Amino acid sequence: GGAVPAAAKSSWGPFLKSIASFNGDLASLTAPPFILSPTSLTEYSGYWAEHPEIFTAPAREKDPQKRALLVLKWFLTTLKQQYCSRNEKLGSEKKPLNPFLGELFLGVWKDTTGKIGETQLISEQVSHHPPVTAYAILNNKHGVKLEGYNGQKASFSRGTISVKQIGHAKYHLKEFDEDYLITLPSLHIEGIVYGSPYVELNRSSTIHSSTGYVAQIDYSGKGWVTGKKNTFSATLKKEDSKDVLYTVDGQWSESFVIKEGKSKKELETYDAKTTEITPLYIAPIDEQDPLESRCAWAKVQEAINTGDLETTGTEKSKIENEQRELRRKEKEEGREWERRYFTRVMEDPVFTKLAEGPGMVAEEGKTDGIWVFDEKKFAQVAEKTKAKARGAPKAEEAKVGEAAVNTVA
Ligand SMILES: CCC(=O)OC[C@H](C)CC[C@H]1O[C@H]2C[C@H]3[C@@H]4CC=C5C[C@@H](O)CC[C@]5(C)[C@H]4CC[C@]3(C)[C@H]2[C@@H]1C
């Protein structure tokens with residue numbers, strides 16, 4: 001990338017100072033103004049299913065081995081959006097807004113073909129210290145459910161920020177009662193010194209299926225072989241077998257080729273650049289719950305988009321102060337914020353069966369438990385929303401509104 005824009009030079013001091021005392025908490029980074037994104041991190045859960053047809057394809061495949069390949073293919077097709085979409089839309093990787101506890105991001109990918117059905121996104125900030133986002137993506141027509149959570153552990157050295165992703169994703173197929181446990185790749189941010197940061201994925205990640213298939217994806221970045229960015233190589237095998245059933249090679253941000261393991265026969269080339277993204281439908285702000293990201297952060301987003309640093313600061317402080325006040329009251333009353341859609345469990349049978357190691361690992365290896373989507377809570381909220389739509393008694397609305405209003409202006 002080019003040299004840092006002159007105007008921006010002045011804002012490097014705070015950033016470099018924050019790097020000097022960097023404690024692993026990305027939110028504590030004082031990124032230069034031109035790096036601030038108006039998008040909240042709760043929105044990033046949407047990157048898992050921007051191609052609903054590919055996301056639901058495994059549900060339409062009767063052969064378990066081919067299903068496992070389709071889940072690997074879907075995972076690989078999410079990487080470009082997960083890790084490059086800010087560069088494409090905003091010119092470089094940006095620092096997202098740090099979600100407040102209880103922040104929600106809700107949306108739906110509508111179905112224009114009548115073949116896929118609607119795909120619903122539920123994203124909730126289930127922890128603020130450390131920041132953890134939990135999400136569920138549901139397509140009832142195909143019985144596909146993705147649920148997961150993630151947090152980040154970051155470190156800074158030699159001009160790059162390295163991020164270890166904590167958490168995992170679970171892809172479930174109802175018809176086959178099948179589960180896929182997906183681990184999250186580590187990443188590092190390159191180009192910081194040029195003021196044009198971008199993500200590169202490191203080492204490897206895996207997908208373990210309850211049907212005994214194991215996918216391993218090795219990220220070589222600007223591999224010494226190709227020198228091309230975002231390079232990876234993946235294999236799909238049956239566990240405790242050496243036979244490679246399929247290989248997938250290429251650049252996750254450009255295109256990749258799926259081949260038969262033995263014959264090396266090319267089965268498919270996926271072009272990440274030309275595959276259509278389905279837009280996510282989000283309710284208009286005046287119909288949103290005040291806890292929803294674009295409602296809660298509206299003034300901050302407006303200020304960031306117009307480059308009004310002062311208003312950005314004052315509006316952010318309002319939200320942070322109200323959050324501190326809420327936490328103080330909860331502490332005083334000996335209660336904890338009620339998560340709306342997710343529950344923390346210390347044991348998740350699918351996770352235990354399919355993976356080694358504990359769930360969310362916080363400081364000193366303590367396990368903070370695993371965040372799972374709570375179908376009961378989800379049904380209760382749906383009921384309440386319907387009641388509200390049918391004109392529930394004011395008290396009902398006031399309670400929901402009141403809690404929310406207290407939270408964010
Ligand atoms: C120019 C100097 C500067 O300020 O650089 C700051 C940089 C923008 C680095 C810090 C931020 O980089 C962002 C990249 C974000 C990750 C991107 C994608 C994902 C995948 C998604 O499924 C989960 C979240 C995750 C891991 C994001 C986490 C937060 C990251 C690392 C942002 C950093 C604050």
Side-chain angles (χ1 to χ4, degrees), residues 48-49 54-79 82-83 137 143-150 164-187 201-221 223 230-252 256-268 270 347-361 367 370 372:
W48 282 104
I54 299 176
F55 175 67
T56 56
R60 294 188 291 273
E61 171 55 60
K62 298 292 170 230
D63 173 278
Q65 181 171 301
K66 291 199 181 91
R67 266 201 309 274
L69 177 64
L70 285 170
V71 171
L72 170 59
K73 174 189 165 187
W74 154 71
F75 172 77
L76 294 169
T77 63
T78 67
L79 298 176
Q82 296 272 15
Y83 302 106
I137 298 180
V144 178
K145 173 174 75 168
L146 177 76
E147 63 179 305
Y149 66 93
N150 62 62
K164 175 166 179 20
Q165 292 199 66
I166 312 265
H168 60 274
K170 265 188 326 180
Y171 180 94
H172 178 73
L173 289 168
K174 196 162 175 241
E175 186 188 343
F176 308 105
D177 190 19
E178 211 164 274
D179 289 292
Y180 293 77
L181 186 76
I182 300 160
T183 62
L184 306 171
S186 292
L187 56 98
L201 297 179
N202 308 335
R203 291 189 293 285
S204 66
S205 70
T206 59
I207 303 176
H208 284 72
S209 84
S210 53
T211 40
Y213 292 97
V214 180
Q216 166 143 341
I217 305 105
D218 296 311
Y219 307 98
S220 53
N230 313 139
T231 304
F232 77 94
S233 172
T235 58
L236 183 68
K237 296 179 183 166
K238 191 85 167 129
E239 61 190 14
D240 58 48
S241 155
K242 294 236 177 324
D243 295 346
V244 174
L245 301 168
Y246 302 99
T247 61
V248 191
D249 292 277
Q251 293 168 276
W252 45 264
F256 54 79
V257 183
I258 302 177
K259 292 182 184 165
E260 259 259 318
K262 277 204 176 36
S263 65
K264 297 270 178 268
K265 181 163 138 300
E266 279 198 18
L267 300 176
E268 180 188 348
Y270 173 79
E347 180 75 25
D348 170 347
V350 171
F351 184 87
T352 313
K353 195 170 77 176
L354 292 179
E356 45 287 345
M360 177 85 181
V361 180
T367 300
I370 292 171
V372 292

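Please read these numbers as outputs of a predicted model, since none were measured by experiment.
Listed by chain and number, the residues in a side-chain contact (heavy atoms from CB on, under 4.5 Å) with Ala169 are Trp48, Tyr135, Leu146, Ile182 (sequence neighbours excluded). For Tyr246, the ring pair (Phe, Tyr, Trp, His ring centres under 6.0 Å) test picks out no residue, with sequence neighbours left out. Taking the salt bridge (charged side-chain N to carboxylate O under 4.0 Å, His left out) definition, one finds that Asp179 meets it with nothing, sequence neighbours left out. For the salt bridge (charged side-chain N to carboxylate O under 4.0 Å, His left out) test, no residue two or more places apart in sequence or in another chain qualifies with Glu61. Residues meeting the salt bridge (charged side-chain N to carboxylate O under 4.0 Å, His left out) test with Glu268, sequence neighbours left out: Lys73. Applying the ring pair (Phe, Tyr, Trp, His ring centres under 6.0 Å) test to Phe55 and every residue at least two apart in sequence or in another chain returns Trp74, Tyr171.
Each of Lys265, Glu260, Lys259, Glu266 was evaluated against Ser263; a single residue qualifies, Glu260, per the side-chain hydrogen bond (donor to acceptor under 3.5 Å, both in side chains) test.
Atoms NZ and CD, from Lys145 and Glu147 in turn, are 4.5 Å apart once rounded to the nearest 0.5 Å. Going from atom CG of Leu201 over to atom CG of Leu184 covers 10.5 Å, rounded to the nearest 0.5 Å. Expressed to the nearest 0.5 Å, how far NZ of Lys66 lies from CG of Leu245 amounts to 11.5 Å. The CG atom of Asp218 sits 10.5 Å away from atom OG1 of Thr206, with the distance rounded to the nearest 0.5 Å. Rounded to the nearest 0.5 angstrom, Asp177 CG and His172 NE2 are separated by 5.5 Å. Within the model, atoms CG of Leu70 and CG of Leu72 stand 9.5 Å from one another, a figure rounded to the nearest 0.5 Å.
A distance-only check finds a donor-acceptor pair linking the side chain of Asp348 to the backbone of Val350 [under 3.5 Å].
The pair Arg60-Glu175 fails the salt-bridge criterion, with no side-chain N (NZ, NE, NH1 or NH2) lying under 4.0 Å from an Asp/Glu carboxylate O. The pair Glu239-Lys237 does not meet the salt-bridge criterion, since no charged nitrogen lies less than 4.0 angstrom from a carboxylate oxygen.
Annotation: side chain of Val257 is not in contact with side chain of Thr247 (no heavy-atom distance under 4.5 Å). Counting heavy atoms from C-beta on, the side chains of Arg67 and Glu178 come closer than 4.5 Å. Looking at Leu181 and Ile207, their side chains never come closer than 4.5 Å, going by heavy atoms from C-beta outward.
When all heavy atoms of Leu236 and Leu69 are compared, the closest pair comes out as CD2-N, 3.7 Å. When all heavy atoms are compared, the tightest approach of Val214 to His208 is CG2-CD2, 4.0 Å. Shortest non-hydrogen contact noted between Lys164 and Ser186 is CA-OG, 4.0 Å. Closest non-hydrogen pair, Pro185 versus Ser205, comes out as N-CB, 4.1 Å. Annotation for Pro64 and Tyr180: closest pair O-OH, 4.5 Å, computed over non-hydrogen atoms.
A donor-acceptor contact closer than 3.5 angstrom links the side chains of Asp249 and Ser233. Thr352 and Glu347 form a side-chain donor-acceptor contact under 3.5 Å, judged by distance and modelled atom types alone.
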Candidate pair Trp252 and Thr231, rule side-chain contact (heavy atoms from CB on, under 4.5 Å), full reasoning: CA-CA 7 Å; Trp252 45 264; Thr231 304; over 6 Å; no

side-chain contact (heavy atoms from CB on, under 4.5 Å) assessment of Val144 paired with Lys174: CA-CA 6 Å; Val144 178; Lys174 196 162 175 241; over 6 Å; no

Audit row: Phe232, Leu76, side-chain contact (heavy atoms from CB on, under 4.5 Å) steps and yes/no: CA-CA 10 Å; Phe232 77 94; Leu76 294 169; 3.8 Å; yes

Audit row: Tyr213, Gln65, side-chain contact (heavy atoms from CB on, under 4.5 Å) steps and yes/no: CA-CA 8 Å; Tyr213 292 97; Gln65 181 171 301; 3.4 Å; yes

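A cation-pi arrangement is absent between Arg203 and Tyr219 under the rule of less than 6.0 angstrom and at most 45 degrees off the ring axis.
With ring centers used as reference points, His168 lies under 6.0 Å from Tyr149.
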